[in-house]
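Heads up, the thing below is written out as structure tokens.
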Amino acid sequence: DRGLYIGRFQPYHNGHQSVLERISKLVDEIIIGVGSAQLSHEVRNPFTAGERIMMITRSLEDLDCRYYVIPIEDLQRNALWVAHVRSMAPPFERVFSSNPLVVELFRERGIVVESPEMYERESHSGTEIRRRMLLGENWQELVPPAVVDVIEEIDGVKRLCHISGTD
Ligand code: ATP
Ligand code: MG
């Protein structure tokens, strides 16, 4: 069967990687949905969908499970969101998420969402990584090496500093 995993991945980090490695042992194929795909160049959402897809695809190069990475734009209508996701994703039977809204919306549509255990959540969150980037602290240790490469290639830290107005 196929499992769906959704996040914003701003940026993709070792917590996401650890969850996907675990999911890869539970399903035949994984669908990774890149949420809020239309957003970029914001302090909470600095990277484009394409940049996030690069981070994910390169980090999972050696994963022993086929996966598809698809962008999912926001819909300003939560009651229709599950249908919106289904309308663009390959068919799936299982959903993995710890986001309370995602869990609730799928549950109401009859899909039990599995919540994988968190991996060192205090440090491994997009929020903490963006904070470290802005303060010039070590964020590289929290993401796969491929993500460091992508962020260097696109000059991502400089972008974040510029849009936050602290540079
Ligand atoms: P932000 O702080 O920007 O919200 P985030 O780290 O929460 O970033 P998201 O892209 O919002 O990352 O989350 C995608 C999914 O990854 C969610 O289901 C979230 O619960 C899960 N996740 C986030 N951090 C971890 C972690 N350290 N371990 C396991 N799962 C995580
Ligand atoms: Mg989050």
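Counting starts at 1 for both ligands and their atoms, in listed order.
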Quiz item: Among protein heavy atoms, which lies nearest atom 15 (C) of ligand 1, and at what distance?
Solution: Tyr5 OH, 3.5 Å
Quiz item: So, Asn78 side chain and Trp81 main chain: donor-acceptor pair closer than 3.5 Å or not?
Solution: no
Practice problem: Check whether any side-chain N or O of Glu93 sits under 3.5 Å from a backbone N or O of Arg2 as a donor-acceptor pair, and report yes or no. | Solution: yes
Practice problem: Classify the angle between the aromatic ring planes of Tyr12 and Phe9 as parallel (below 30°), tilted (30 to 60°) or perpendicular (above 60°). | Solution: tilted
Quiz prompt | Test item, Ile6 contacting ligand 1 (heavy atom, 4.0 angstrom) | solution = yes
Exercise. Can you measure from CD (Gln17) to CD1 (Ile56) and round to the nearest 0.5 angstrom?
Key: 10.0 Å
Quiz prompt | Residue part near ligand 1, for Val102, under 4.0 Å between non-hydrogen atoms | solution = neither
Self-check item: Per-atom contacts, ligand 1 versus Val19 - under 4.0 Å to a heavy atom
Solution: 29 (C), 30 (N)
Practice problem: With heavy atoms of Ser97 as the reference, note each atom of ligand 1 found under 4.0 Å away. | Solution: 18 (O)
Quiz item: Are the side chain of Asn45 and the backbone of Ser40 linked by a donor-acceptor contact shorter than 3.5 Å?
Solution: no
Exercise. Compute the shortest N/O to N/O distance between Arg8 and ligand 1 and return yes if it is under 3.5 Å, no if not.
Key: yes
Practice problem: Would you please test Tyr68 and Ile30 for side-chain contact (heavy atoms from CB on, under 4.5 Å) and show each step? | Solution: CA-CA 6 Å; Tyr68 311 91; Ile30 305 175; over 6 Å; no
Quiz item: Is it true that Arg130 and Glu42 make a salt bridge, defined as a side-chain N closer than 4.0 Å to a carboxylate O?
Solution: no
Exercise. Could you list which atoms of ligand 1 come closer than 4.0 Å to a heavy atom of Phe9?
Key: 10 (O)
Practice problem: Answer yes if the side chains of Ser18 and Arg22 hold a donor-acceptor pair under 3.5 Å, and no otherwise. | Solution: yes
Exercise. Answer with side chain, backbone, both or neither: which part of His13 has a heavy atom less than 4.0 angstrom from an atom of ligand 1?
Key: side chain
Quiz item: Contact between Arg130 and ligand 1, counting heavy atoms under 4.0 Å?
Solution: yes
Exercise. Consider only side-chain N and O atoms of Asn138 and Arg132, and report whether a donor and an acceptor are under 3.5 Å apart.
Key: no
Practice problem: Just need the protein heavy atom nearest to atom 7 (O) of ligand 1, so name the residue and atom and give the distance. | Solution: Arg121 NH2, 3.0 Å
Quiz prompt | Spatial distance of atom CD1 (Ile154) from atom CG (Asp149) [nearest 0.5 Å] | solution = 11.5 Å
Practice problem: Number the atoms of ligand 1 from 1 as they appear, then name those within less than 4.0 Å of a heavy atom of His124, with their elements. | Solution: 24 (N), 25 (C), 26 (C), 27 (N)
Self-check item: Salt-bridge present (Arg58, Glu153; N to O < 4.0 Å)
Solution: yes
Quiz item: What protein heavy atom sits nearest atom 8 (O) of ligand 1, and how far away is it?
Solution: Gly126 N, 3.2 Å
Quiz item: Does any N or O in the side chain of Arg109 come within less than 3.5 Å of the main-chain N or O of Val82, such that one atom is a donor and the other an acceptor?
Solution: no
Quiz item: So is there a nitrogen or oxygen of Arg44 less than 3.5 Å from a nitrogen or oxygen in ligand 1?
Solution: no
Quiz item: Under 4.0 Å from ligand 1, counting heavy atoms only, is it the side chain of Phe96, its backbone, both or neither?
Solution: neither
Practice problem: Would you kindly specify which portion of Thr127 sits under 4.0 Å from ligand 1, judged on non-hydrogen atoms: side chain, backbone, both or neither? | Solution: both
Exercise. Identify the protein heavy atom lying closest to atom 18 (O) of ligand 1, giving its residue, its atom name and the separation to 0.1 Å.
Key: Ser98 N, 3.2 Å
Quiz item: Which residue owns the protein heavy atom closest to atom 28 (N) of ligand 1, what's the atom, and how far is it?
Solution: Tyr119 N, 2.8 Å
Quiz item: Given Gln10, Gln17, Met118, which has its nearest heavy atom closest to atom 25 (C) of ligand 1?
Solution: Met118
Quiz prompt | Atoms of ligand 1 close to Ser125 [distance to a heavy atom under 4.0 angstrom, numbered from 1] | solution = 6 (O)
Quiz item: What is the nearest protein non-hydrogen atom to atom 12 (O) of ligand 1, stated with its residue, atom name and distance?
Solution: His16 NE2, 3.1 Å
Quiz item: Which protein non-hydrogen atom lies closest to atom 14 (C) of ligand 1, naming both residue and atom, and how far is it?
Solution: Gly7 CA, 3.3 Å
Self-check item: Check: Ser24 main-chain N/O paired with Tyr67 side-chain donor or acceptor under 3.5 Å
Solution: no
